[in-house]
There are 4 protein chains.
Amino acid sequence: MRAKSSSGELTVTEQARRAQIVGAAIRTVAELDYASTSFKRIAERAGLSSTGLISYHFAGKQELVDEVFREVLAVFGRFVLERMNLGGSAAGELRAFLLANVEFMRLHPDHLPALVRLREHVTVGDGADSDHVALAALLREGQRLGEFREFDVDVMALFIMALRNGIVVRAAVVDLEVCGAELVEVVERATKEG
Amino acid sequence: MRAKSSSGELTVTEQARRAQIVGAAIRTVAELDYASTSFKRIAERAGLSSTGLISYHFAGKQELVDEVFREVLAVFGRFVLERMNLGGSAAGELRAFLLANVEFMRLHPDHLPALVRLREHVTVGDGADSDHVALAALLREGQRLGEFREFDVDVMALFIMALRNGIVVRAAVVDLEVCGAELVEVVERATKEG
Amino acid sequence: MRAKSSSGELTVTEQARRAQIVGAAIRTVAELDYASTSFKRIAERAGLSSTGLISYHFAGKQELVDEVFREVLAVFGRFVLERMNLGGSAAGELRAFLLANVEFMRLHPDHLPALVRLREHVTVGDGADSDHVALAALLREGQRLGEFREFDVDVMALFIMALRNGIVVRAAVVDLEVCGAELVEVVERATKEG
Amino acid sequence: MRAKSSSGELTVTEQARRAQIVGAAIRTVAELDYASTSFKRIAERAGLSSTGLISYHFAGKQELVDEVFREVLAVFGRFVLERMNLGGSAAGELRAFLLANVEFMRLHPDHLPALVRLREHVTVGDGADSDHVALAALLREGQRLGEFREFDVDVMALFIMALRNGIVVRAAVVDLEVCGAELVEVVERATKEG
DNA sequence: CATGAATGAGGATTCATTCAT
DNA sequence: TATGAATGAATCCTCATTCAT
């Protein structure tokens, strides 16, 4: 009856259903794009008998979209973090970040497409740019350490995310292996001193 | 329903109306994103008194979308071509291409956003990748001339377009001047020998 | 396509359709009460093939409800005014007002029930209390002329409208003739000096 | 679905739950009007965690509505009766009835609004008019005793209840003290001989 | 008894499209 | 050609009700 109980806790069943719906929504958005993503389509993919069930578990389409976005971002964030926290050089971290991205595309082919397609329709505010901010910080650190040349870190972060997104959008028709290797090379050339 | 006369030709009036509608559609998509672009919204921006007129001039929403895409691509293509055909080196051509893109964003702030947003909803199949193909050819030529290092030209073309699109999507909140300069720098570093 | 053209004018056809829908809405509300009044029910009574047509002519349910209320109030206001402007005494005006109300119920059996049932759901703000205000003014004038005894004019106006509404709600099961005569008698006793 | 046990009796727990739900329903209807009164809203006000519980204790929305109506009527009836059975004159009884109504509004501000709003949606048939019948009987008795003038007792009863309901509907924005005094005065003038 | 998850009908509204004028 | 009225499918959402636990 409620999207969230008054205490903010969710029952196990509810968590499971929400996860099921979110998963179906991710697949739907990845396959059909936001414009064609309706509750009906999501319900079909989730095997639900009624779109009413989605409304039962989520306060509205916007909450679902935000939740999907948050979930994808969380999964992605954990995945990347596991592959980065080696300490070491900024350049190494950046390289790890890029390779993690490519690996993530392989393992979760629907997540990043959903992320990219939902970005404009999300009301989260914060998480949307968290990637960008963290990346810019890393770049700035690299500059401080003398590993990276001078450049506008925000612009460079934008570029790196743009390259990543470019691969995401074309992931279906592209050789991820080749793309990944070239991505690392290009970003290294773009950032390194000299 | 009309779309084209039985002989396949369009009258001057028809062409004018179609152009008016296409122009309004470009503005609408750029401002509202594809998901919120309806005939009603387009008609408002075009100063049309009926959405029926759009259906009259275009066989359907898909034809309109395709036409918009084709038109933007054509305008963009002419613009870029004028700034590139100086002959000269591949690197020079590539640089001219990039600068033309940035200049185009400044002069036609709605066109590339519309292009990017419509790409996934277009059924042209052909023109969608014409940019990519031409760019890949230029890169291959540069490799043949020894100006560019060895890389997968398709991947690199994808990257360059991704960088361009990254700027397009954030054009509203970004300093085009800075972005343009950095774009040239990054692409040069990404492609040049050594 | 629009509820109102940009110049605020309505075409003849549109006026006719709106009137048809408003009429059907009046009948529906009078018969079914607001809670059961849906676009579907209104469309049935209006002989429309689609509820979409109602949305086409009215910006929303609220606009329709407001328009219905305004229309009933206007018809009622004209009707009453025609029977009151004889000049003369305040008591005479009051009596004419009451008789006009009863006569109106006979001629327009759906209008006042709709008015009463819609009052709480209307966002008009002004017209809702115009009856009350005019009546209170008349009562005050009667007091000034010494025709009426001293009483709180707002409370008395409330009472008179309450008596009227009481008849309206039971109009179907009550003898209007008897009610009307008794209404005049009761109000006269309630207001007159002594 | 439960509604009543097979033997027709209700357990203490059942009675308590039903009373809790009925109380919340009264508040909900008084605050939100019938059209906006849903099981969800009632459950919120009752502190229930599920609308299912309402369906469990009442055979359907109609039974709940009828029960609410019956309950309000019973409470009101007892309250009024306590203040009337002094024997004495019909005029005195009538006056006591009116004052009891006003006092009831003060002590139970939600009950009469709920009663008025639910009247049209109730299927009891019986109790709905019990007020009216009793009041008409009192009026007839007063006529027999020569205390009241000649009038149609049903119409007069309708009028008196209409005045009462008029106050109820505006109770929030009106001075109950003033209204009460004027109500007694007006009804006395309306009914007394001469 | 109580819970909360689930259901499917029905709500208003928007949409692309059709058609008479 | 152009208009605007009309259509019906599809949208998200709310509702009372059912049911397994």
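Because the structure is predicted, anything quoted here is derived from the model rather than measured. Throughout, protein chains are lettered first and strands after them, A, B, ... in sequence-line order, and every chain is numbered starting at 1.
Across every non-hydrogen atom of F39(C) and I54(C), the tightest pair is O-CD1, 3.5 Å.
Which of dC1(E), dT7(F), dA2(E) sits closest to the side chain of L53(D) comes down to dA2(E). With distances taken from any side-chain atom of T13(B) to the nucleotides dT1(F), dT3(E), dA5(F), the minimum falls on dT1(F).
One can place CZ of R18(C) at 15 Å from C1' of dG4(F), the figure rounded to the nearest angstrom. Counting to the nearest Å, the C1' atom of dA16(E) and the CD1 atom of I42(B) are 11 Å from each other. If you measure from atom CD1 of I21(D) to atom C1' of dC1(E), you get 12 Å, rounded to the nearest angstrom. Atom-to-atom, CG of L64(C) to P of dG11(E) comes out at 15 Å; the value is rounded to the nearest Å. Distance, E63(D) CD to dT17(F) P: 10 Å, rounded to whole Å. For the pair E14(C) CD and dT3(F) P, the interatomic distance rounds to 16 Å; values are reported in whole Å. Between the CG atom of L48(A) and the C1' atom of dA5(E) there is a distance of 12 Å, given to the nearest Å.
In this structure, E14(B) contributes its side chain and T11(B) its backbone to a donor-acceptor pair below 3.5 Å.
Regarding contacts with the backbone of dA6(E), every side-chain N or O of S49(A) stays at 4.0 angstrom or more from both OP1 and OP2. Within the structure, a side-chain polar atom (N or O) of H57(B) is placed less than 4.0 Å from OP1 or OP2 of dA2(F). Side-chain N/O atoms of R17(B) include none lying less than 4.0 angstrom from OP1 or OP2 on dT1(F).
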Between the protein and nucleotides 13-15 of chain E, list the N/O to N/O atom pairs that are separated by less than 3.5 angstrom.
| unit_1 | atom_1 | unit_2 | atom_2 | d |
| --- | --- | --- | --- | --- |
| dT13(E) | OP1 | K61(C) | N | 3.3 |
| dT13(E) | OP2 | K61(C) | N | 2.7 |

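Under a 4.0 Å N-O distance rule, the pair E31(A)/R45(A) qualifies as a salt bridge. E63(C) has a carboxylate O that lies under 4.0 Å from a charged side-chain N of R18(C), or vice versa, which qualifies the two as a salt bridge. With respect to R70(A) and E67(A), a salt bridge is recorded, a charged nitrogen being found less than 4.0 Å from a carboxylate O. Comment: D110(A) does not engage R27(A) in a salt bridge, judged by the lack of any side-chain N to carboxylate O separation of less than 4.0 angstrom.
In this entry dC13(F) has dG10(E) as its Watson-Crick or G-U wobble partner, both defining distances falling under 3.5 Å. Across all strands shown, dT18(E) forms a Watson-Crick or G-U wobble pair, both distances under 3.5 Å, with dA5(F).
Geometric assessment of R119(D) against the ring of F69(D) yields a negative cation-pi assignment under the 6.0 Å and 45° thresholds.
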